[in-house]
Amino acid sequence: MSEITEAKVERLAEKVSIAHTVHRKRVVMKDLLKAKKKNKKVARQLRRKCGEKPQVPKTLENTREPDATVLDDNDENAERLEEVNRDLDTDEFCSYFNCEYEPKVLITYSTSMPSRKTRRFVKDLTHIIPNSMQFLRNGAAIKKNVSKVVANGFSDMIIINEDQKKPNGMIISHLPEGPTAYFRLSSVKTTKELNMKYDEITSHRPEVILNNFSTRLGNGVARMLGALFHYSPEFKGRRAVTFHNQRDFIFFRHHRYQFDKQGKRAALMELGPRFTIRLQSLQKGTFDSKFGDFEWIIAGRRHEMETSRRRFFL
Amino acid sequence: MTLADDYNIYIGSSTGAFKGVNLSKDKCIIKNIQNVKYITNKASVLALNWGNVEESELLIAYSGQKIKIYDTDFKNFNTNTDVSFGEGDIVGVSRYDECILTAVKSGDVKLWRYKTEPDQWTNFNVGPQLECMKHNKHSNIIATGGKENDLKLWDLNTTKNIFSAKNVKPDEFDLRRPVWVNGISFLPNSDKVAVCSKQGYVRVYDPKITTQRRPVLKVDIPDVALSCITTTNQSHYVIVGSTTGDMMAVDLRGKGKPCYKYKGFAGCVKDIACPLNENLILSVSLDRHFRVHDFHSKKLLRKDYMQSRLTSILVRSDFSLENETKKEEQEHSEEKGDSDEKYDPEHFEMNQVTRENYAESKTNKNTSDYDDESDIEIVDEIDNDEDKQDESEEDGEEEGEEEASENEYYTETDEDEKENEEDDGESDEGDEMFPLANSNKRKLSSSDAGKNKKSK
């Protein structure tokens, strides 16, 4: 069967090559493409009959360049993994993961006159993050007032930057000792823009899903994002927030789920907001972009670091 | 020379992990010296320094004002001492007159003379917000500096201030220039002290000129917060690293300018070390990587992931890429020509350069007051001489003549330096020694000129 189709493809290809008018060429080309498609299909069917399994399509993710900081779990790496675990166990977020405090988050703006969209977005954030409040700084300097924020018992601070009346940046700073991460913020859709109402969002503490963070840097960022939310979710509310990392872009979604009667599938309802963040820098200590020690920064060395489309950092 | 299984680099990290690295041409062995089970971010390594001239004792300063002493011969931690005095973390540690010297952030410097009673222990304050304390090896001088606390030199015997730097003149708007000394390094073969700052400048002070407290050389690197500085085996270069992950070499000849830039960093360069005998730059960074760059070609030769945020690095003074030197040299004498084929051309060039450098350093050493040379080093020098003879035999008379002329040149330059230190340094010396370096410099200087025009 496949031989027949192959022969047909060859015959048509010859016709294309000797076609002397553009119109004629176009007609034959159409047939050729059709025949090629059929040939492919036949070949595939033959392979299936022989018992060959379908191949996995190549994507950027599954052909990504190996990262040195992703350690396989084998005997050679046992000591290195132990060191990484000890580092994680005693880092700045260890007290959160030991459930020693309840996170309290301050959300503030970059300007004293935020636009409507930014205000709406921040309002959405206060609905998602339990025990959070928004605050208009009226031009108070961040660097100088960090101590005051800490004194008021806040465990994290989020600053939303805006440009051209749209939110475009997000700084998340863990208090009192850092770290501070700067994310580029894009594709923001507020709850209202998704035609949802705030009544839909209950005040139950949500579950947090951190997806696909594999490298050491990604681990740190995921811990940071996770530490914004309360450590014990209220499952009664059936709310889930997701930070899904795909090719270094972190997608945020907020859903309410409902399992069907068999308890196998879940129906999802998106509540909003919806946004995408991308890490720009991670800095040790509280916010100090001028003199702070950066653990990871891409500004100024993008061409040096983004050497390939298959290289990802998170 | 160190044994094959000995470490030639030591690295400290913010988790308190302390690592030994054996770097040679064909392999790199990294091992945790401290047991990984007990490391914690609460006890991070802040400073490393040698305890004695033989480099068999290593001082490690931890946060929480604690010091451990590591014996490199027996490979164990000798003592774990609490040195709580003053406030804040330790910024520098060293050993002087058989006692431990520490400086903490609040500016308190103390000599822990354990043999005598605590009343007699020397301590003095060097000013608040201290960021850096360096001890000039084999002497009684320390240098201190910090945020709004400019460079000061102190005599440890008398605890008196020998030299205190004066800030440069206000800028064109008549505004005071802020001071933030973040790294200090004593330039080899001179009394000069180089300083780097988070405000983006490198300054060189000469304490011998008593009439001038302002820097004799200032190089501005605007908008770059520098985090560390180190000297190289060539006295007119210093290497600086920045908090945003830039590393560059600064040429201190003439008016001084940043000349090479080394790439490959993702985070703050925390500490840099340059071995005396190799043209390499070893650096540790907050992005958890240890990197090796070639000095002149600027290439990244090695990059190793080390799991923790690295904070400090220390290199043996007899560091060499050839781990079994003596054996190889025996082969040299037996096979002469054949052994050269083992090297790839770049490396071979490098080696020749290092040998010449070694000769230079040797001449300098004779003049300098470093008397405590260990026997091992002298053996090395002899070996090296033999090597040179071998080479000259191979290449015939011409090579020998060249060498002779070079030697003459060295003497000349030495005299020149003595006569006028601020002489414009672009002489023929560089041409012969580093053809690569000079071509780069030319390119850079032209580009620099262009930039200047633009800025004007």
Side-chain angles (χ1 to χ4, degrees), chain A residues 66-72 76-95 177-182 215-220 223 279-285 288-307 311 313-314, chain B residues 13-19 30-32 34-44 131 147 178 180 182 197-200 223-228 241-247 261-270 285-290 300 302-311:
Chain A
D67 193 296
T69 63
V70 182
L71 298 174
D72 300 330
E76 278 179 29
N77 284 333
E79 196 185 332
R80 303 179 80 182
L81 282 169
E82 168 96 45
E83 193 181 338
V84 172
N85 289 335
R86 285 296 301 166
D87 188 10
L88 285 173
D89 288 347
T90 58
D91 70 352
E92 295 95 337
F93 301 105
C94 64
S95 54
E177 284 179 341
T180 304
Y182 173 49
T215 65
R216 183 65 189 80
L217 178 70
N219 260 340
R223 277 169 83 82
L279 185 68
Q280 298 295 303
S281 69
L282 183 65
Q283 180 218 318
K284 211 180 158 190
D288 188 353
S289 54
K290 200 176 175 191
F291 301 120
D293 290 352
F294 285 92
E295 220 179 293
W296 188 86
I297 183 167
I298 199 159
R301 53 178 63 75
R302 247 190 61 212
H303 300 295
E304 196 185 304
M305 285 169 84
E306 293 177 352
T307 45
R311 190 175 176 206
F313 301 103
L314 293 182
Chain B
S13 74
S14 71
T15 50
F18 178 60
K19 292 151 192 281
I30 304 161
K31 267 181 189 163
N32 272 311
Q34 187 142 10
N35 194 339
V36 183
K37 280 176 188 168
Y38 305 116
I39 60 172
T40 164
N41 271 309
K42 277 155 199 154
S44 50
E131 293 267 332
K147 193 181 178 186
W180 192 335
N182 213 38
S197 163
K198 277 206 173 178
Q199 300 286 355
D223 302 328
V224 178
L226 302 175
S227 56
C228 53
S242 86
T243 56
T244 48
D246 299 311
M247 188 166 82
K261 199 167 180 186
Y262 301 91
K263 290 183 174 179
F265 294 95
C268 171
V269 185
K270 266 292 183 186
S285 162
L286 265 192
D287 58 13
R288 300 181 170 87
H289 281 86
F290 160 67
L300 179 63
R302 249 203 111 77
K303 181 179 158 187
D304 289 293
Y305 173 54
M306 289 202 179
Q307 297 97 22
S308 317
R309 291 175 205 144
L310 309 174
T311 52

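Keep in mind the model is a prediction, meaning the values are calculated, not measured. In what follows, chains are A, B, ... by sequence order, proteins preceding strands, each numbered from 1.
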**OP:** Check whether Glu295(A) gets within reach of chain B through its side chain, its backbone, both or neither, counting any heavy atom under 4.5 Å.
**Re:** both
**OP:** Please examine the side chains of Val269(B) and Ser242(B), heavy atoms only from C-beta on, and report whether any two atoms are closer than 4.5 Å.
**Re:** no
Subject >> Per-residue contact mode, Asn182(B) against chain A (heavy atom under 4.5 angstrom) >> reply: neither
Subject >> Residue Glu92(A) versus chain B: region with a heavy atom under 4.5 Å >> reply: side chain
Original post:
Would a 4.5 Å heavy-atom cut-off, applied to side chains only, mark Gln199(B) and Phe291(A) as touching?
Top reply: yes
Subject >> Residue, of His289(B), Lys37(B), Met306(B), Lys42(B), that accumulates the most heavy atom pairs under 4.5 Å with chain A >> reply: Lys37(B)
Original post:
Does any heavy atom of chain A fall under 4.5 Å from the side chain of Lys19(B), the backbone, both, or neither of them?
Top reply: side chain
Subject >> Engaged part of Asp223(B) at the chain A interface, taking heavy atoms whose separation is under 4.5 Å >> reply: neither
Subject >> Criterion salt bridge (charged side-chain N to carboxylate O under 4.0 Å, His left out) on Arg80(A) and Asp72(A), from CA distance to verdict >> reply: CA-CA 10 Å; Arg80(A) 303 179 80 182; Asp72(A) 300 330; over 6 Å; no
Original post:
At a heavy-atom separation under 4.5 Å, does Leu71(A) approach chain B through its side chain, its backbone, both, or neither?
Top reply: side chain
Original post:
Quick one: what part of Ser227(B) sits under 4.5 Å from any heavy atom of chain A, side chain, backbone, both or neither?
Top reply: neither
**OP:** Please examine the side chains of Asp288(A) and Gln283(A), heavy atoms only from C-beta on, and report whether any two atoms are closer than 4.5 Å.
**Re:** yes
Original post:
Is there side-chain contact between Val84(A) and Arg216(A), with heavy atoms separated by less than 4.5 Å?
Top reply: yes
**OP:** Measure distances from Arg301(A) to the heavy atoms of chain B and classify the residue's part below 4.5 Å as side chain, backbone, both or neither.
**Re:** side chain
**OP:** Go through the atoms of Lys270(B) and report whether side chain, backbone, both or neither lie under 4.5 Å from a heavy atom of chain A.
**Re:** side chain
Subject >> Contact check, side chains of Arg288(B) and Leu217(A), non-hydrogen atoms, under 4.5 Å >> reply: no
**OP:** Mark yes when over 12 heavy atoms from residues, nucleotides or ligands other than Glu304(A) sit less than 6.0 Å from its CD; otherwise mark no.
**Re:** yes
